[in-house]
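Worksheet: the structure to be examined is printed underneath.
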Amino acid sequence: MSPLPSGLLGDLDPTSDRAVFRQIADQLREAIDRGRFREGEKLPSEAELVDHYGVSRMTVRNSFSILQGEGLVHAEHGKGVFVRPRPPVRRLASDRFARRHREQGKSAFIVEADAAGSHPKVDSLEVKEEKPSQDISTRLGSVRRVLARRRRYLLDGRPVEFATSYLPLDIARGTPIAEPNPGPGGIYARLEELGHRLDHFEEEIRARMPSPAEVKTLHLASGVPVIHLIRTAFDTGGRAVEVCDTVMAADAYVLSYQLPAT
């Protein structure tokens, strides 16, 4: 077996009280951060690292586990361990709901996919009337029944988020919003056609680890957290006309904001 290129990885420090597998993880992390291993590139194999450091396979596997837990790498069975790609989508909060996009027949997700040069797709679509949770009801002004629109979003075939929109039935029932495909511009364009001109949005965002169901739905690798976002849309009359509960793969997005200085 050929040795690793000189300077790619360092040597272990036998005088350090830091565990050997953590030292190896530190060196691999630094190599990734410095660009010695690029996005999508395969890391040295277990055998190569065993030979380079003079350690056991289990020690190397423990090092890989640390990096997987940090979301820096992912393992492909029978192929090896690869550097995880950086987030491909920039979610620009100040622009994604601009009216000009709706007027052009584009939803926010399509706008972001176009900017990233990716192919967007929506699947797992479900539209039905239901009783909302207490939280959703309160956000919508204590409504008793809502139209719920559930869907999963994919970029280039990869699931990146799933969302559920809740709309008051007195607004949505019997309209294109209740159809699987609400038409160009999405449900916000239809709301404005129905006379609910959108005024502003309020968002609550938190990061957390995913549930088992979310791991399955978004095909998340070990160690990848999710971004949980709840958005409420208000019309010019001050009425809450939609609540959207969204869970996003944190390794697929950069959340970008522009804030006034005044």
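The two residues Arg152 and Pro159 have their closest heavy-atom pair at NH1-CG, 3.7 Å. The two residues Val224 and Ala250 make their nearest non-hydrogen contact at CG1-N, 4.4 Å. For the pair Lys42 and Gly80, the tightest heavy-atom approach, listed with the atom from each and the gap, is CE-CA, 4.0 Å. Closest heavy-atom contact between Asp170 and Arg239: OD1-NH2, 2.8 Å. Across every non-hydrogen atom of Lys216 and His219, the tightest pair is O-CD2, 3.0 Å. Taking every heavy atom of both residues into account, Leu140 and Ala240 meet most closely at CD2-O, 3.7 Å.
When only modelled atom types and interatomic distance are considered, Glu202 and Thr232 share no side-chain donor-acceptor pair under 3.5 Å. If you check the side chains of Thr15 and Asp13, you find a donor sitting under 3.5 Å from an acceptor.
Ionic pairing of Asp123 and Arg151 is not present here: no N-O contact between side-chain nitrogen and carboxylate oxygen is shorter than 4.0 angstrom. With respect to the salt-bridge test (charged N to carboxylate O, under 4.0 angstrom), the residues Asp245 and Arg139 do not qualify. A salt bridge links Glu46 with Arg61; the closest basic N to acidic carboxylate O contact falls under 4.0 Å. The pair Arg57-Asp51 does not count as a salt bridge, with every side-chain nitrogen at least 4.0 angstrom from each carboxylate oxygen.
Looking at Leu191 and Asp235, their side chains never come closer than 4.5 Å, going by heavy atoms from C-beta outward. Taking 4.5 Å as the limit, some side-chain heavy atom of Leu229 sits within range of a side-chain heavy atom of Arg231. Two residues are said to be in side-chain contact when any heavy atoms from C-beta on lie closer than 4.5 Å; Glu39 and Glu41 fail this criterion. Counting only heavy atoms from C-beta outward, the side chains of Val122 and Leu154 never approach each other to under 4.5 Å.
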**OP:** Take Arg208 and Val226 through the test side-chain contact (heavy atoms from CB on, under 4.5 Å) and record every step on the way to the result.
**Re:** CA-CA 6 Å; Arg208 58 174 172 79; Val226 292; 3.7 Å; yes
**OP:** Check the pair Leu147 / Val127 against side-chain contact (heavy atoms from CB on, under 4.5 Å), numbers first and verdict last.
**Re:** CA-CA 7 Å; Leu147 180 79; Val127 183; 3.9 Å; yes
**OP:** Given side-chain contact (heavy atoms from CB on, under 4.5 Å), test Leu9 with Tyr53 step by step and report yes or no.
**Re:** CA-CA 10 Å; Leu9 295 172; Tyr53 289 113; 3.6 Å; yes
Original post:
Passes side-chain contact (heavy atoms from CB on, under 4.5 Å), Leu125 versus Arg149? Steps please.
Top reply: CA-CA 7 Å; Leu125 181 65; Arg149 296 181 55 90; 4.3 Å; yes
**OP:** For side chain to side chain donor-acceptor pair (under 3.5 Å), just list the numbers for Thr246 and Glu161, CA-CA rounded to whole Å, side-chain angles, deciding distance to a tenth of an Å, and then say yes or no.
**Re:** CA-CA 7 Å; Thr246 304; Glu161 69 175 85; 4.5 Å; no
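Under the 3.5 Å distance criterion, the side-chain polar atoms of Asp156 are matched with a main-chain donor or acceptor of His119. Judged by distance alone, with hydrogens and angles left aside, the side-chain atoms of Ser137 form a donor-acceptor pair with the main-chain N or O of Val143 at under 3.5 Å. For Ser165 (side chain) and Cys244 (main-chain N/O), no donor-acceptor pair under 3.5 Å exists by modelled atom type. At least one donor-acceptor pair closer than 3.5 Å links the side chain of Gln23 to the backbone N or O of Arg18. Side-chain atoms of His196 do not come within 3.5 Å of backbone N or O of Thr236 as any donor-acceptor pair. Remark: side-chain polar atoms of Arg190 are not paired, donor with acceptor, to backbone N or O of Ile177 under 3.5 angstrom. Put simply, the side chain of Gln27 never gets that close to the backbone of Ile24: no donor and acceptor are under 3.5 Å apart. With hydrogens and angles disregarded, a donor-acceptor distance shorter than 3.5 Å links the side chain of Glu192 to the backbone of Leu198. With hydrogens and angles disregarded, no donor-acceptor distance shorter than 3.5 Å links the side chain of Glu179 to the backbone of Pro176. Of the possible donor and acceptor atoms, one in the side chain of Thr217 sits under 3.5 Å from a partner among the backbone N and O of Ala213.
For the atom pair CD1 (Ile230) and CD1 (Ile205), the distance works out to 11.0 Å, reported to the nearest 0.5 Å. Note that CG of Leu220 is 9.0 Å distant from OG of Ser211, once rounded to the nearest 0.5 Å. The CG atom of Leu8 sits 8.0 Å away from the NE2 atom of His52 when rounded to the nearest 0.5 Å. Rounding to the nearest 0.5 Å places CG of Leu67 at 13.0 Å from NE2 of His74. Met248 contributes atom CE, which lies 9.5 Å from atom NE2 of His228 (distance to the nearest 0.5 angstrom). Between atom CZ of residue Arg84 and atom CD1 of residue Ile32 there is a gap of 11.0 Å, rounded to the nearest 0.5 Å.
Hydrophobic clustering, with ILVMFWY side chains joined whenever heavy atoms are under 4.5 angstrom apart, keeps Ile171 apart from Phe234. No continuous path of ILVMFWY side-chain contacts below 4.5 Å connects Ile66 to Phe82, so the two sit in separate hydrophobic clusters. Side-chain heavy atoms closer than 4.5 Å link hydrophobic residues (I, L, V, M, F, W, Y) into clusters, and following such links, possibly through other members, connects Phe37 to Phe64. Linking ILVMFWY side-chain heavy atoms closer than 4.5 Å, directly or via other members, places Leu72 and Val215 in two distinct hydrophobic clusters. One hydrophobic cluster, built from ILVMFWY side chains closer than 4.5 Å, cannot hold both Leu4 and Phe21; they sit in different ones.
A side chain to side chain contact (heavy atoms under 4.5 Å, CB included) with Val243 holds for exactly one of Ile136, Leu167, Val146, Thr164; it is Ile136. Glu130 pairs with exactly one of Arg144, Arg145, Arg150 by the salt bridge (Lys or Arg N to Asp or Glu O under 4.0 Å) rule, that one being Arg150.
The distance between the ring centers of Tyr188 and Phe201 falls below 6.0 angstrom.
Within the structure, the ring-ring contact (aromatic ring centres under 6.0 Å, His included) test picks out the following pairs touching residues 145-178 (sequence neighbours left out): Phe109-Tyr153.
In terms of the salt bridge (Lys or Arg N to Asp or Glu O under 4.0 Å) criterion, residue partners of Glu129 (sequence neighbours excluded) are, by chain and number, Arg173.
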